S.K.: 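Following this message is one structure expressed as structure tokens.
All of these numbers come straight from a predicted model, not from anything done at the bench.
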Amino acid sequence: MSIPDSHAGLFLERSRYFLGVEYPSKLKLAVMALPADKFWWRPDEHSNSAGNLLLHLNGNVRQWILGGIGRRTGSRDRAGEFAARVGPPAQALLSDLENTLAEVDQILAALTPRELLEPRMIQGRDITVLEAIYHVVEHFSMHLGQIVLLAKLHAPGAIGFYEDAGGLAHPVWQDKAR
């Protein structure tokens with residue numbers, strides 16, 4: 001089985017765009033809209049704060065792409081990502097994640113279509129490189145949505161990513177992220 005180069009290239013291009021541009025831009029806007037005293041707030045003991053989710057996103061991306069795909073060594077305390085009740089301020093965690101995503105982009109930029117089908121063992125799962133990237137993009141999107149919800153809950157009206165343009169969603173997050 002093989003993936004046509006054009007399809008592989010498009011998959012990698014879009015993955016790099018989501019993880020390197022759109023998701024981090026929206027994440028930063030949402031986190032910065034949160035009042036500082038709400039960054040580590042959680043609605044209940046079974047839910048996570050924005051701080052927990054940033055720790056978790058960084059841990060997940062490092063484990064799956066830097067370690068799993070890029071074969072870099074590292075350790076992760078997944079349980080600790082969720083157990084934290086306090087920690088670094090928002091800007092520090094955003095900076096850490098930004099640095100991780102820059103490393104991720106280097107790894108994704110260097111992948112070849114053939115490598116997308118190579119097997120990897122990540123978190124006990126026997127998957128391909130393509131599946132690992134797909135997981136990370138989907139996973140990042142899900143937790144971004146949770147952080148956006150927290151920001152909208154604690155700072156109503158402070159963020160909006162799109163405006164209506166005659167029935168079309170015009171992205172305004174790009175202008176705000178600059």
S.K.: What pair of heavy atoms forms the shortest contact from N48 to R42, and how long is it?
M.R.: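 So the minimum-distance heavy-atom pair works out to C-CB, 4.0 Å.
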S.K.: With a 3.5 Å distance limit and no angle check, can you tell me whether R120 reaches the backbone of G68 through a side-chain donor-acceptor pair?
M.R.: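 The answer is yes, because a donor-acceptor pair under 3.5 Å joins these two groups.
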S.K.: Which heavy atom of P24 sits nearest a heavy atom of L101, and at what distance?
M.R.: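 Looks like CG-CD1, 3.6 Å.
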S.K.: Quick check for you: to the nearest 0.5 Å, what is the distance between Q106 atom CD and I65 atom CD1?
M.R.: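 Q106 CD to I65 CD1: 12.5 Å, rounded to 0.5 Å.
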S.K.: Main chain of S49, side chain of N52: is a donor-acceptor contact present, judged purely on distance under 3.5 Å?
M.R.: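 Here the side-chain-to-backbone pair exists.
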S.K.: Can you tell me how far the CD atom of E131 sits from the CD1 atom of I122, to the nearest 0.5 Å?
M.R.: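 Interatomic distance, E131 CD to I122 CD1, rounded to 0.5 Å: 9.5 Å.
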S.K.: Side-chain contact test, heavy atoms from C-beta onward, threshold under 4.5 Å: evaluate it for W64 versus V104 and give yes or no.
M.R.: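 With C-beta onward as the side chain, the pair stays apart.
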S.K.: Using 0.5 Å steps for rounding, measure from the CZ atom of F82 to the OG atom of S47.
M.R.: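 One finds 11.5 Å between CZ of F82 and OG of S47.
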S.K.: Passes side-chain contact (heavy atoms from CB on, under 4.5 Å), L53 versus Q146? Steps please.
M.R.: CA-CA 8 Å; L53 293 170; Q146 291 174 314; 3.6 Å; yes
S.K.: Pick out which of F18, W173, F161, Y17 makes a ring pair (Phe, Tyr, Trp, His ring centres under 6.0 Å) with Y23.
M.R.: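 It is F18; the other options fail the test.
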S.K.: Salt bridge check, E22 against R14: does any charged N sit closer than 4.0 Å to a carboxylate O?
M.R.: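 Salt bridge between R14 and E22, a charged N being under 4.0 Å from a carboxylate O: no.
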S.K.: Any chance you could measure R62, atom CZ, to N99, atom CG, to the nearest 0.5 Å?
M.R.: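 Reported to 0.5 Å precision, the distance equals 9.0 Å.
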S.K.: Which heavy atom of V31 sits nearest a heavy atom of A90, and at what distance?
M.R.: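 Scanning both residues completely, I find the closest heavy atoms to be CG1-CB, 3.5 Å.
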S.K.: Rounded to the nearest 0.5 Å, how far apart are OG of S15 and CG of L130?
M.R.: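 Result: 7.5 Å between the selected atoms.
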S.K.: Assign the ring pair H56 / H143 to parallel, tilted or perpendicular, where the plane angle (0 to 90°) is split at 30° and 60°.
M.R.: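 Judged by the thresholds at 30° and 60°, the geometry between H56 and H143 is perpendicular.
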S.K.: Decide whether E98 and S95 meet the rule of one side-chain donor and one side-chain acceptor closer than 3.5 Å.
M.R.: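 Result is no, nothing qualifies.
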S.K.: Let's go through H170 and V172 carefully: what are the C-alpha distance in whole Å and the side-chain angles of both, what is the deciding distance for side-chain contact (heavy atoms from CB on, under 4.5 Å) to 0.1 Å, and is it a yes or a no?
M.R.: CA-CA 6 Å; H170 173 72; V172 295; 3.8 Å; yes
S.K.: Applying side-chain contact (heavy atoms from CB on, under 4.5 Å), run through V148 and L27 and close with a yes or a no.
M.R.: CA-CA 7 Å; V148 168; L27 182 66; over 6 Å; no
